[in-house]
Each structure stands twice: as C-alpha cells, then as structure tokens.
Protein chains: 2
Amino acid sequence: MAAFEALCRREGLALTVQRRGIMEVLARRTDHPTADQIYEEVAPRLPGVSRTTVYRVLDTLVRIGAVRRASHLGAAARFDPNTARHHHLVCLECDKVVDLDDVPVAVPPLPARRRAGFDVVDYAVDFRGTCPACRKRRASG
Amino acid sequence: MAAFEALCRREGLALTVQRRGIMEVLARRTDHPTADQIYEEVAPRLPGVSRTTVYRVLDTLVRIGAVRRASHLGAAARFDPNTARHHHLVCLECDKVVDLDDVPVAVPPLPARRRAGFDVVDYAVDFRGTCPACRKRRASG
DNA sequence: CTCCGTGCAAAAGGTTTGCACTGGT
DNA sequence: ACCAGTGCAAACCTTTTGCACGGAG
C-alpha cells in the first residue's frame, strides 16, 4: 500500500480517497473481483462513489502497472473451432490472439496439494508479448 | 465439415443454412473471431440473418463440442492486484478463478520459429477443471 | 404436420463518454 | 488557484429473452 502511494507520486497522480479505497480492496482480495464487485465493496466506505469512478480508477491502476487485467483476450467472447488442446500467443498491446496448433508444450503436473480441491483435466498456456504489427508500429511511431 | 454434419445428426439437430454457414466461417478462420466478426462475415452469404441467431448458433456449437470459447474467465473484466507472474485454476463449469501464488510452473521456452514473429516476454498457465463446489453440486444433484 | 430454429424488438448487463463541479496539489 | 479527478446521466456495445412465424425432419 505504501508502494502504491509512492507509485502514484512517481507518476504524478493525485492520491484521492477513491484511488486509495479501490486499491485497498484489490490488495486485500485474493480472488479476481469484477469492477462491479469492487464497487459493491467500496461503496459503503466511500459514500457517493460512482461505478464510473471505479472503472476509471481501474483503468488508471492497469496503466501504471499496479494491477493486471486477469484476461488479455479482450472484452467480447471469442470462439475457436479448434477443440483440441492448444496454446496461444497473445499480444499485450492489441489483444490479438494466434493459435499454436500442433505445438506441444510440456507443463509439469500440478502437485495435488496446490490444486485447492480442483479436478484438473487440462491446461492451456498463453505466451504473452508483442505481435509483429505492434512492434513495427512502436518502432516507427 | 462433414464431421460437423454428422455431429448434428447424432445430436438430433436440424442442419440449417445458418448453422452450416457459421460453422464454415469458424472452420476457415485461424484467429479467434468474436460473435460480431462472425456475423459480419456471414451476413452477406445469409441475407437477413440476425445477430441473435449468431449468438444462439454459437451457444449450440459450444454445447455440442464443435467449438470452444477461447476464454473461460467469464464475461465481465476481472482485476488482479498480483502483477507478478502467476498461474490460475479455472473451473470450466462456474468460471471461478483461483490464483496459484508462489507456485512456479516450468514451461519450456517456445522455439523461435514457432513464435510467429512475437516478442514473447512472459507466459501464464491456466489449469482447467472442476472446482470443489461444482463437483459436490454435480454429485448431489 | 410438428416443432425446432429463426427473426425482430426490446431488455439486460457491462463499460464508456460529455459535461459541470469539486477537492488535491 | 489550477487542473486532475469525480459524479451524474446518457450513450454504447455485447449478449439474452419473449413472442410469433417459417422451414427442416
């Protein structure tokens, strides 16, 4: 939390009660709350806070690297005709997703004591980085 | 495509032009189109087709196992205060996501020739399966 | 001929935007 | 005091639902 305040100062961002409150909620929770869940938890402590602010603060937190979006696959649902196990290349800048067909990736089995009671039947690996188009765009821009 | 028609017959589903057209688009594309992108591509071939139908057909295709949803993280965006590399346990039934903090998973580096020009800087592994609550619910129900 | 599947329209989330005001710095 | 940050309302985008019609089996 102190690190967060330092980060804000370094970025020249105002330390508002809203930002502090939302960051506190995020820092405490170990699940991956939605914007609305964060709003519900923050609203009693910050009377009059709006959902708009929650969305805007979350954008800011993502931009300065204080939190992550849990999925990099974009907002809208995407569909994949390939039902076999396969992995993905994901561009962190434009959310483009490319299949890695026929590229087996050996992931060691998760030890039973780390599975939190889940029956694990499969896995998928997202390799994250920058796609050729975004790299080029950044180099020229 | 022939396999898809056989699958429909086996499931007792009518082979409508809409289902065939949407499945053809999905089978041809190697990216992960959104419902709207599929609609845009299918609309000229199926005059008068509605977005509603695209959504309903996609649901059907997922149900019979002809396609997959590319993300299992649910509709709403989720936020994660943990910006360090970590992996996830994902329930395929209720979309619950649990962090695997401090559980390193060794994934071999992707050979350069499989990277499709991406600069890969990180990776994340989603372990997929059934969470304890859903397993219990299924056992009792 | 019988329903399943579709189209339309409207509703239901989730998220973003325009504008005026307020609170940090 | 200035301007970034906020609140409100309305718009926007994606997805779902109710109802009536039409075509596949």
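The model shown is predicted, which means the values in this text are computed figures rather than measured ones. Lettering of chains follows the sequences in order, A, B, ..., and the numbering in each one begins at 1. The figures that follow rest on heavy atoms only: side chains count, while hydrogens, waters and symmetry mates do not.
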Salt-bridge contact A/Arg69-A/Asp59 (side-chain N to carboxylate O under 4.0 Å): yes
Electrostatic pair B/Arg19:B/Glu24 at N-O distance under 4.0 angstrom: no
Separation of D/dC13 P from B/Asp36 CG (nearest whole Å): 10 Å
Sugar-phosphate only, base, or nothing, as touched by B/Gly48 at under 4.0 Å among non-hydrogen atoms: sugar-phosphate
Considering all heavy atoms, the nearest B/Cys91-B/Cys131 contact: SG-N, 3.4 Å
Nearest-nucleotide comparison on DNA chain D, the residue closer to the 5′ end among B/Thr52 and A/Leu46: A/Leu46
A/Asp59 CG to C/dG14 P, straight-line distance once rounded to whole Å: 17 Å
Nearest-nucleotide comparison on DNA chain C, the residue closer to the 5′ end among B/Phe79 and A/Arg20: B/Phe79
Base D/dA4 paired with A/Thr16 side chain (donor-acceptor, <3.5 Å): no
Residue-phosphate contact under 4.0 Å: A/Gln18 side-chain N/O, D/dG7 OP1/OP2: yes
Nucleotide D/dT15, atom C1' - distance to OH of B/Tyr39 in whole Å: 15 Å
Inter-axis angle, terminal five-pair segments of the helix from C/dC1-D/dG25 to C/dT25-D/dA1 [nearest 10°]: 40°
Short side-chain N/O contact from A/Arg56 to OP1 or OP2 of D/dT6, under 4.0 Å: no
Per B/Val57 side chain, nearest of listed nucleotides C/dT6, D/dG25, D/dT16: C/dT6
Test: B/Arg85 cationic atom under 6.0 Å from B/Tyr123 six-membered ring centre, within 45° of axis: yes
Residues B/His86, B/Asp102; criterion side chain to side chain donor-acceptor pair (under 3.5 Å); working and verdict: CA-CA 7 Å; B/His86 65 284; B/Asp102 306 317; over 6 Å; no
Protein-nucleotide distance (B/Leu61, atom CG; C/dT6, atom C1'), rounded to Å: 15 Å
N/O (side chain, B/Ser50) to phosphate O (OP1/OP2, C/dG7) under 4.0 Å: yes
Check against side chain to side chain donor-acceptor pair (under 3.5 Å), A/His87 and A/Asp99: CA-CA 6 Å; A/His87 310 289; A/Asp99 269 3; over 6 Å; no
Distance, nearest 0.5 Å, that separates CZ of A/Phe127 from CG of A/Leu89: 7.5 Å
Whole-Å gap separating P (D/dC13) and CD (B/Gln37): 15 Å
Nearest-nucleotide 5' precedence on DNA chain D, B/Val17 against A/Gly12: A/Gly12
Contact nearer the 5' end of DNA chain C, comparing B/Pro47 with A/Thr34: B/Pro47
Nearest-neighbour nucleotide for the A/Thr53 side chain, C/dT17, D/dT6, C/dG7 considered: D/dT6
Contact under 4.0 Å: B/Tyr55 side-chain N or O vs D/dT16 OP1/OP2: no
A/Glu11/A/Arg63 salt bridge by N-O under 4.0 Å criterion: no
Distance in angstrom units between B/Arg19 CZ and D/dG25 C1', rounded: 12 Å
Distance in angstrom units between B/Glu11 CD and C/dG5 P, rounded: 11 Å
Integer-rounded Å distance: C/dT6 P and B/Leu58 CG: 11 Å
Under 4.0 angstrom between B/Arg51 side-chain N/O and D/dT14 OP1 or OP2: no
